[in-house]
Amino acid sequence: MMPPGAPRGAPGSDSDLSMDLSLLPPLALRVREHVVRMATDGGCFIGASLSCADLIVHLYTRVLRLSRETLADPGRDYLLLSKGHDVPALYATLAELGFMPRERLANHLKLHDSIYWHPNRGVPGVEFHSGSLGHLLAVATGIAYDIRLRGGANKVFVILGDGELDEGSVWEACLVASALRLDNLVAIVDRNEFQANLRTEELVPLEPIPAKFLAFGWSCATVDGHDFAALDAVVRPLGDAPAVPGKPSAVVARTVRGKGVPSIEARADRWFANFTAAEIEGLLGELHGGAAAGLTSEGLVVR
Amino acid sequence: MMPPGAPRGAPGSDSDLSMDLSLLPPLALRVREHVVRMATDGGCFIGASLSCADLIVHLYTRVLRLSRETLADPGRDYLLLSKGHDVPALYATLAELGFMPRERLANHLKLHDSIYWHPNRGVPGVEFHSGSLGHLLAVATGIAYDIRLRGGANKVFVILGDGELDEGSVWEACLVASALRLDNLVAIVDRNEFQANLRTEELVPLEPIPAKFLAFGWSCATVDGHDFAALDAVVRPLGDAPAVPGKPSAVVARTVRGKGVPSIEARADRWFANFTAAEIEGLLGELHGGAAAGLTSEGLVVR
Amino acid sequence: MPTYEEALQAIALARPDVIVMTAENRAAIRGLPAVLGERFVDVGICEQTMIGAAAGLALRGRTPVVHALASFLVMRAFEFIRTDVGIANLPVKLIGYVPGFLSDANGPTHQAIEDVALMRGIPNMQVFCPADAAELAAALPLLIDSRAPCYVRFNAMPPAVAHPTPFAIGKAEVLSRAPNAPHAPEIGSDAGAGGPGGRGVALLTYGFLLREVDRARALLEARGIPVELINLRSLKPLDEAAVLEAAARTRRLVAVEDHFQTGGLYSILAELLAHHAVACRLHSISLGERWFKPALLPDVLEHEGFTGPRIAERVLALL
Amino acid sequence: MPTYEEALQAIALARPDVIVMTAENRAAIRGLPAVLGERFVDVGICEQTMIGAAAGLALRGRTPVVHALASFLVMRAFEFIRTDVGIANLPVKLIGYVPGFLSDANGPTHQAIEDVALMRGIPNMQVFCPADAAELAAALPLLIDSRAPCYVRFNAMPPAVAHPTPFAIGKAEVLSRAPNAPHAPEIGSDAGAGGPGGRGVALLTYGFLLREVDRARALLEARGIPVELINLRSLKPLDEAAVLEAAARTRRLVAVEDHFQTGGLYSILAELLAHHAVACRLHSISLGERWFKPALLPDVLEHEGFTGPRIAERVLALL
Ligand SMILES: Cc1ncc(C[n+]2csc(CCOP(=O)(O)OP(=O)(O)O)c2C)c(N)n1
Ligand SMILES: Cc1ncc(C[n+]2csc(CCOP(=O)(O)OP(=O)(O)O)c2C)c(N)n1
Ligand SMILES: [Mg+2]
Ligand SMILES: [Mg+2]
């Protein structure tokens, strides 16, 4: 079992220290490359994955007490993707950090592996399956409660979509987590301003989100979800202690759908995409600062 | 069809004016008598019914545009009991106001009638069945939306339990009602401080309730749910216009479980009761200011 | 026999992995908070969150025993049960309070009369329907020991019958077997009232109705009808052999249940007979496709035709 | 044939009572907001509220046609459907998107393979499973005209087969009837491969799989097996006569479905055969009691054994 208060970060088994902040941008870039590559041959929820790629990279390298060796350790920190369709960003992070071979990413959607559109425990590092929005805050509540019962110091992080906040089950779980005073629980909202097809504020307005969490007995902070230094200031401390003792902590991370690939940024019709091989090359170029990819395949409405 | 802006109150077919405020206390007393009488021979949710008896009496006499003749009129105001187990207070009010014969109350739990523990449309004046907590705000949302589509001026009132606010479906419906800007919708929370077995704040703390509604895009007022003048000041105007144009209105009505019968007030074990005939006599005495009933039957935990 | 609460308390004290949960439904376990402390969790009126949290606890090695009114447990939280507990095959034990007729005067919102259909449809989920308090208490240690998720149609009524057979997962209790030389049948056209080649009739039931069906059995026997009575306390896994033997002997099965006709015991038996290509008459005494009239329990039974005498009449009418 | 969207638009324009609703699932109806204005309501990711609100609208005389992913519609909102729509028997039309295999690589959370079981268990609820876009469009006006609530297993795939029979509620489409004088059977021991007294085999299916089952039919016929093929587009109400006739002729039914074995067509047929005491072999080609492997649709069909050739092989193995 991990010693309580073990150092954080899982850059690899040879290190038990957090990764240096300067290494995060290149790592996140590699993660985005993988995500873009998964958006063909069947495709993936590329927009939703790119918006929280930085959040996931930051959590794995600067926050979570978790490494390849401690994947099954009861003292590990947990990360749960409640908006499960962002799992390409997780697959990519797990591959880059050595939790699984990078080659496995090529198995995306293939019968002989379990790398598909939503998370499942067939992938090392995935704590629980998801795909139905509004479940994992409840599941996390159970995990966090058990950790407290056992006197554990570890934390449970959950990434929620902003559109996911429509689901009443999220608020029900918020009430319960607050009633149980689970201050080892952290919810991070990927505030990319869109749900599947529309801007949240044009469909079901969610603002003020912090006021909602506060009224439901949580603490709530807001952060730029693409700024590693800001995430370090706001999210990293939650790996040690709650923002307010006795309360679960929420963080609203302001993000951009499709972040990093201008041609698809903040576009509902590029939320899920299944590009041609040529388009993928163009998008990878964009990721590296190249010219606009000049997408030709039609936008998709899959939901 | 009722003319829009028809006068309010349903004291009987011979009057189309609101009942005089001074008549409400004696009416409410008769309603409470009926409720107490239903708490035998099988019993009823007496505590939950007495806490909102005044709310229901006030709505029917001073707020709702509704009479025996307009029960099926599309222009009528609606009252929905989302915490359906308070229906004895509604049965009693409907009987006192002549929507159904008083004698029908004696059919409580009998096979040949439909007067049982939860509302159903077999009883004239019951708009929709309930019993499963957390449904009728969603149903009310549909009703209110249709009224708006048709350009109706009528309003939809929903009584919610405070414990019922635990259900995520309530908050989900709040988000949708706010998104649809249903300012013809009013939710009144019977804030009797208890859920089935415990005080809400000791089980799943709900405070601050107004902050929750405000954060979910509603207006919210607080009122003494046993003070008719106060209800007149806060609830009655909502029959004409929303507190904030464009927003649904919430009212937190502070009430007492078992109100009017000191022996059972604020007691979880007298929420549902099935008293002996002698105890009923004692409780009726209490209702009229007599001595404590001296209950001998055991308290019940039915949930 | 211990009460349900006593049985659960004993198990929870012996097994620190057991967590008792409820969504504001502690009537049957009100003494446990004092005994279990933080291992008793009342989440409030939050059935969905309770199930999600139970899955989370199970992921951490706990065995949650969760309580709620049957209709809200299996229906409001259906997707949580199927997705969080079912897909992951976690050992969460679902205890559904006031199922079937036991919701008496509550009305259709509270009538869990599709609970068996819903729960048995979930892969991995087991379904148990004890006939009385004794059977419930006897079953509890076994089903908590099992690593499978399960649904229990809670029933703590006084003894329905004397139970000759100890509870076992996947086993039925055969309470009476048609005698070899019955009195001449008084009714029906074919000998012994059974289907072609069979004799008598087998009554199969579960839960609280066993008491009434046993009464019906006595009445039918008094009229010379050979009756087999089977208590199907474990609906999934099913004791297929017990059913198939009864089918072979009687060639006439009657499923008696306070459940919609579709999806419960009648469907289970129809599927079994089809699977084994057994020729056998199968009848349903159930709620058909409607909710029952809300009233106090004895009135409901009379009105809906589920007292012993009414069941006997209805069986006679089928023969 | 109009598309689903065109058909729905035409109906909604002709009938002001129709309200089109969705819980963030507008893929098939994305053009309707512009046409219907306020009669198009997207409630966001709020399946339960959508159903409750649909009931409220129906109480006011509207006919809501509601859309969501099938698994979240019938499972997340199950209790709302059963309680608000079912108990009140309101004309709410439930359209479940990407049911069965059509959820391809989404995974078990999205696999609606118990939808038929869940929806048919609700009193008053009708269940329709169109085989392709044409059947869907043909069914739509009829089911919106009906005052019953219904569930539609949405499927807008290209034509599965040529449809000789117009859609009607409660009617099956018999696509092939076993010829009277088939070639001598090449396999199986009993003449014509049917059960005792029958000949050939009847394949019964619904929805998207009809295409594959029709391919299987051709393959089996080529091997000399007399095959009846029935498209059970209306699962509830069921065309009992069509099934019973096929059973009488072939004495061997095979239910092919992308559904758990329990609760869907297999159970429907088992119940029907039991009810009518028909001796007939019944087989299931289904997902049994497990979720399918998530992958792209063609891979799923191959892997799970539901392509025409694989179905034909599996049928042969049953004979
Ligand atoms: C219960 C449920 N309802 C609907 C869906 C379909 N769906 C998947 S993602 C999505 C939109 C989610 O929006 P958001 O949470 O903001 O995530 P984003 O893609 O923006 O990261 C919807 C409606 C689902 N997966 N689960
Ligand atoms: C969905 C659902 N879960 C559980 C119940 C059981 N139940 C009925 S009333 C009640 C407590 C309600 O408390 P509150 O809303 O405060 O109403 P009060 O009795 O205080 O008026 C519970 C848990 C129910 N009826 N519906
Ligand atoms: Mg979003
Ligand atoms: Mg209360």
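One finds the NE2 atom of B:H135 at 8.0 Å from the OG1 atom of C:T109 (value rounded to the nearest 0.5 Å). Between atom CD of residue C:E304 and atom CG of residue B:L111 there is a gap of 8.5 Å, rounded to the nearest 0.5 Å. Going from atom CG of C:L296 over to atom NE2 of B:H108 covers 9.0 Å, rounded to the nearest 0.5 Å.
Using modelled atom types, one side-chain atom of B:H118 and one backbone atom of C:N106 make a donor-acceptor pair closer than 3.5 Å.
Listed by first then second residue, pairs satisfying salt bridge (charged side-chain N to carboxylate O under 4.0 Å, His left out) with a partner in residues 82-91 of chain B read B:K83-B:D190, not counting sequence neighbours.
The side chain to side chain donor-acceptor pair (under 3.5 Å) check on B:S49 picks up nothing, with sequence neighbours excluded.
The shortest heavy-atom contact between B:L109 and C:A295 is O-CB, 3.7 Å. Contact detail for B:V204 and C:V43: the closest heavy-atom pair is CG2-O, 3.3 Å. For the pair C:N25 and B:N197, the tightest heavy-atom approach, listed with the atom from each and the gap, is N-ND2, 4.5 Å. Minimum interatomic distance between B:S169 and C:R76 (heavy atoms only, all atoms of both residues): OG-NH2, 3.1 Å.
Each of B:P119, B:G131, B:S130, B:G84 has some count of heavy-atom pairs under 4.5 Å with chain C, and the biggest count is that of B:G131. Ranked by heavy-atom pairs shorter than 4.5 Å toward chain B, the options C:H303, C:H67, C:M75 are led by C:H303. Per-residue counts of heavy-atom pairs under 4.5 Å with chain B were compared for C:P294, C:A28, C:A105; the largest is that of C:A105. Ranking C:P108, C:S71, C:A27 against chain B, the residue ahead of the rest is C:A27, based on heavy-atom pairs under 4.5 Å.
Heavy atoms closer than 4.5 Å to chain C are found nowhere in B:N120, neither backbone nor side chain. Both the backbone and the side chain of B:V301 come within less than 4.5 Å of a heavy atom of chain C. Contacts of B:T200 with chain C are absent, with no heavy-atom separation under 4.5 Å from either backbone or side chain. With a threshold of 4.5 angstrom between heavy atoms, B:L198 approaches chain C through its backbone and through its side chain. Heavy-atom distances place the side chain of B:H129, and not its backbone, under 4.5 Å from chain C. Both the backbone and the side chain of C:R26 come within contact range of chain B, with heavy atoms under 4.5 Å apart.
The shortest distance between side-chain heavy atoms of C:K293 and B:S114 falls below 4.5 Å. B:E164 is not listed as a side-chain neighbour of C:I45, based on a closest heavy-atom distance of 4.5 Å or more. Counting heavy atoms from C-beta on, the side chains of C:D104 and B:Y116 never come closer than 4.5 Å. Side-chain atoms of C:F72 and B:S132, non-hydrogen and from C-beta on, do get closer than 4.5 Å to each other. Taking the side chain as every heavy atom from C-beta outward, B:E167 and C:Q48 never approach each other to under 4.5 Å. Between C:E24 and B:L203, the closest side-chain pair of non-hydrogen atoms falls below 4.5 Å.
Within 6.0 Å of atom CG in B:D41, 12 or fewer heavy atoms from other residues, nucleotides or ligands are found, so the atom counts as exposed in its surroundings.
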